[in-house]
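Residues take their numbers from the sequence shown, with the count starting at 1.
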Amino acid sequence: MELSRAEKCHLAELMGWFPDARSALNWGGPGLTFPFEPKRFMEEIHFERMDGFVWVERRRLAGFAQTYLKYERCHLARIALAPDRRGQGHGRPFIRMVAEAGCAAYGAAECSLYVLDDNLPALRCYRSLGFAPAYDPKPPTEVPNCLFLVASREALR
């Protein structure tokens, strides 16, 4: 598995991974408008303002994630695997790689992320990597069932 920078050419395939409003909300939060429109989608995921990473295998997009600095941590955002890659153990190595790239870029010792409390596959993956609930000074009030999780960079290696 090799990580590279996300490019605009990856977005069309990425949009196809989320077939309905619920899956789009689970992945991208309440700021996404569904159905997707390419230009608006790029703006709503802050594509130009956030570091984006992809895993491409056999010329197909297999994973996507974004990072930014939040509370002096590398915050992981919009993590997704291609539908045919889910449930096969690819999530942990992909997240580890994204976390390491983000922590190195920001000089961070910890990573954080948000996840909906009913997204059980994602929660299991994150917990297996050492993520645990943490205090969020500014929780997203528009998503009441959203959990804020933190893991140390060391735990993610």
Open item on the list: Could you report the tightest heavy-atom contact between H10 and R5, atom names first, then the distance?
Closed with: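 Heavy atoms only, the tightest pair is CE1-O, 3.9 Å.
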
TODO: For A101 and L3, work out which heavy atoms get closest and say how close.
DONE: CB-CD2, 4.2 Å

- [ ] Can you run down the side-chain hydrogen bond (donor to acceptor under 3.5 Å, both in side chains) pairs that involve residues 144-157, sequence neighbours left out, and say none if there aren't any?
- [x]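 Of all non-adjacent pairs touching residues 144-157, those that pass side-chain hydrogen bond (donor to acceptor under 3.5 Å, both in side chains) are E100-R153, E100-R157, D117-N145, E154-R157.
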
Open item on the list: Using side chain to side chain contact (heavy atoms under 4.5 Å, CB included), reason through C111 and R73 one step at a time and then give a plain yes or no.
Closed with: CA-CA 5 Å; C111 287; R73 296 178 176 111; 5.9 Å; no

Examine [X] and [Y] and state if one hydrophobic cluster contains both, with Ile, Leu, Val, Met, Phe, Trp and Tyr joined whenever side-chain heavy atoms are less than 4.5 Å apart.
X: F53; Y: Y126; result: yes
X: I79; Y: W17; result: no
X: L76; Y: L69; result: no
X: F41; Y: F64; result: yes
X: M50; Y: L61; result: no

Given side chains that start at C-beta, do those of [X] and [Y] come closer than 4.5 Å, heavy atoms only?
X: P93; Y: M1; value: yes
X: C146; Y: V115; value: no
X: I95; Y: L113; value: no
X: V54; Y: S4; value: yes
X: F131; Y: L156; value: yes
X: D51; Y: Q66; value: no

Task: Residues forming a ring pair (Phe, Tyr, Trp, His ring centres under 6.0 Å) with W55, sequence neighbours excluded - done: H90

Open item on the list: Checking Y114 now: which residues fulfil ring pair (Phe, Tyr, Trp, His ring centres under 6.0 Å) with it, not counting sequence neighbours?
Closed with: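 With sequence neighbours excluded, Y114 shows a ring pair (Phe, Tyr, Trp, His ring centres under 6.0 Å) to H75, F148, given in chain and number order.
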
Restricting to salt bridge (Lys or Arg N to Asp or Glu O under 4.0 Å), what partner residues turn up for [X], sequence neighbours left out?
X: R96; answer: none
X: K39; answer: E43
X: E48; answer: K8

Without placing hydrogens or testing angles, list every side-chain donor-acceptor pair under 3.5 Å for residues 26-36, not counting sequence neighbours.
from: W27; atom 1: NE1; to: R78; atom 2: O; distance (Å): 2.9
from: T33; atom 1: OG1; to: E44; atom 2: OE2; distance (Å): 2.6

Residues in side chain to side chain contact (heavy atoms under 4.5 Å, CB included) contact with [X], at least two apart in sequence or another chain:
X: R124; answer: L120, P121
X: S23; answer: F18, P19, D20
X: P144; answer: none

Keeping the roles fixed (side chain from [X], backbone from [Y]), state whether a donor-acceptor pair exists under 3.5 Å.
X: E110; Y: C74; answer: no
X: R86; Y: L81; answer: yes
X: E37; Y: R40; answer: yes

- [ ] Answer yes or no: does atom CD of E2 have more than 12 heavy-atom neighbours from other residues, nucleotides or ligands under 6.0 Å?
- [x]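 At most 12 heavy atoms, drawn from other residues, nucleotides or ligands, come within 6.0 Å of this atom.
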
- [ ] In sequence, state the C-alpha distance, the side-chain angles, and the governing distance for K70 and D136, and then conclude on salt bridge (Lys or Arg N to Asp or Glu O under 4.0 Å).
- [x] CA-CA 10 Å; K70 181 182 183 89; D136 183 358; 5.3 Å; no

Open item on the list: Can you list, by chain and residue number, the hydrophobic cluster partners of L116 when the side-chain cut-off is 4.5 Å?
Closed with: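 Traced through the cluster, L116 reaches V143.
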
Open item on the list: Per the ring pair (Phe, Tyr, Trp, His ring centres under 6.0 Å) rule, what does the pair list look like for residues 92-111, sequence neighbours excluded?
Closed with: none

